[in-house]
Structure formats: C-alpha cells, structure tokens
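The structure under discussion appears below in the form of structure tokens.
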Amino acid sequence: MKILYLGDVVGRAGRSAVTEWLPKLRAQWGLDFVVVNGENATNGAGLSPDHAKGILLAGADCITLGDHAFDQRDMLSYINKEPRIVRPINFAKSAPGAGSRVFEATRGRKVLVAQVLGQVFMKRAFDDPFSAIDLVLKKHPRGGLVQASLVDIHCEATSEKMGMGHYCDGRASVVVGSHTHVPTGDAQVMPGGTAFQADAGMCGNYDSVIGMDKEEPLRRFVTGMGKGRFQPCTNDGTVSGLYVETDDKTGKATRVTHVRQGGRLIPAGPAPIDAV
Ligand SMILES: [Fe+2]
Ligand SMILES: [Fe+2]
C-alpha cells in the first residue's frame, strides 16, 4: 500500500499548499491512503469544521490533531459528526471523538490510524502514551484484519518520538512524529519493519518561525517584549511529510522517504519519487 502522511498544516499557507499539492500527489503517485495532521490549520491554532472539510476534499482520508485539537471550539461537537478526524488517545478522559480508528483504503484494505501525545516538555501532563498505544496495537495487529497501521506521535522531544518508534517496531507499519513543525532527516525502516521519521515537518511557510510570521516571535526572542499576536503566514507554503510503501500481507514497511513539495524549499538531494 502507498501511504502519505503530511505534517501539521499551519494557517492559510499550509492549507493552500495542501489544496494545491495533495490532489496531484494522490493521483500521480497512486496513493492508497493519506493522513494529514490538521492541528494548526485554522489561524495556527486548532481546526475549524470548514478547514477540515477543505483538507478532506483535497484528498485526505484521515485528519489527525494534537495538543491544539480543540482550540477551535466548534471541533468539540464536529469531531463526533466527522469520523475521519482522530484526536490524541490520551488528550483527556472526557475529550469527545476517538483516538484511534480503522479506515478503509483503496480496494477495501483496512488501515488503523492512532494518535498519541508525548509527555516530555509538553504544556500539560498527559497520560502515559506507551501503555495507551500498546492497547491499540494489541487490538489491531498489522497483517491481521488491518493491512497497515500508522501511529502519529505528537510531542516535542525527538528522543521520546524515537522511543515510541522502537516501542512500536514490529507492530505498527508507520510511526511518524508531528508537533515540532521541523522535518527531521532520519526517515528509516526500523529492524521490525516499521517506517519511522521523528518529525514529518509542517505544511506551511518555512520563511517563518514554525509557520508564524517571523517578526513577533523574533521580537519576543530578542527583546523579551511582545507587541502583538502570533500570525500564521498566508502564502508560499511547502507540503512536508512521509511517503511509505507497505506489504499488505505482513503490514511491514518496505520503503520510506521524506516528501516535500512546493514553496521556497526545493527537495534536498534526489526527489523522493518522480517530481510532480
Ligand atoms: Fe502540537
Ligand atoms: Fe503543530
């Protein structure tokens, strides 16, 4: 199966990049299943129902969220109406929606998607992500009723993300990190056949500070004195993520590569797949 995961969509720049690139990538690469992280799509904080619809219409089969899952209040009710949106399993016991779900990919194949929040350097104390994901993977072994499984580990520390990758190695098809908005260069298939990258990077404008217009963050870093609000960039977005091929019988990843298209960032080194 050909799976594409796109990292945190940030503001209008990210949304426009996804709208422009995802339909082309989906068609030209013959993608079977697409997951997009939408936690910053609406004004940099959360996801509105309208913006969720736009991402799904562009070609996402599933949208994952993150610590900003419910920054847009409408999501508190909308997530119960739209089963293609998955929030972190361990967000809060009372959170609406689901933290994992089995989806249908092309030709009736099944894909498990789960998202979990890490604990290191996060603003809030979330429940243990390892025992949470353990339960889900035991219930849905890859190569069983689900042909592939993807875990979105949403947190700050690359060490915790790598830990999650190894914890799920041999059990999930893909473990991919989100939240930091900066792609890491460690795409690999782990020994047990789990594709991994510590962070997929954001879909947004990279001439920024993690997707926000750089003036205000710089002012705060340099002077410690804020003057305004953070504003997400509105144009020149790059899509960034992870492309994975998996074996339907075993659920193992057979190929993984980092993807980035559009905006000011040109692919570093050889294009991951034939350039669109
Ligand atoms: Fe986040
Ligand atoms: Fe984010």
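Atoms considered below: every heavy atom in the structure, side chains included; atoms not considered: hydrogens, waters and symmetry mates. Counting starts at 1 for both ligands and their atoms, in listed order.
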The Fe ion (ligand 1) to His154: any N/O/S contact under 2.8 Å? yes
Around Leu135, counting heavy atoms of other residues, nucleotides and ligands shown, do more than 12 lie under 6.0 Å from its CG?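 More than 12 heavy atoms, drawn from other residues, nucleotides or ligands, come within 6.0 Å of this atom.
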I'd like to know if the Fe ion (ligand 2) has an N/O/S atom from Ser178 within less than 2.8 Å of it, counting both backbone and side-chain atoms. no
Would you say His258 and Ser240 are linked by a side-chain donor-acceptor pair, where the criterion is simply a distance under 3.5 Å? yes
Verify the distance criterion only: is there a donor paired with an acceptor across the side chains of Asp199 and His179 at less than 3.5 Å?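 Judged by distance alone, the side chains do not pair up.
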What is the name of the N/O/S atom of Asp8 that is nearest to the Fe ion (ligand 2)? OD2
Is the side chain of Arg109 donor-acceptor paired with the backbone N or O of Gln147 at a distance under 3.5 Å, no angle test?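 Flag not set: sc Arg109 to bb Gln147 has no pair under 3.5 Å.
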Relative to the Fe ion (ligand 1), which of the N, O or S atoms in [X] is the closest?
| X | result |
| --- | --- |
| His179 | ND1 |
| Asp67 | OD1 |
| Glu39 | OE2 |

Do the charged groups of Arg219 and Glu215 touch, with an N to O distance under 4.0 Å?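 Not counted as a salt bridge, because no side-chain N and carboxylate O are separated by less than 4.0 Å.
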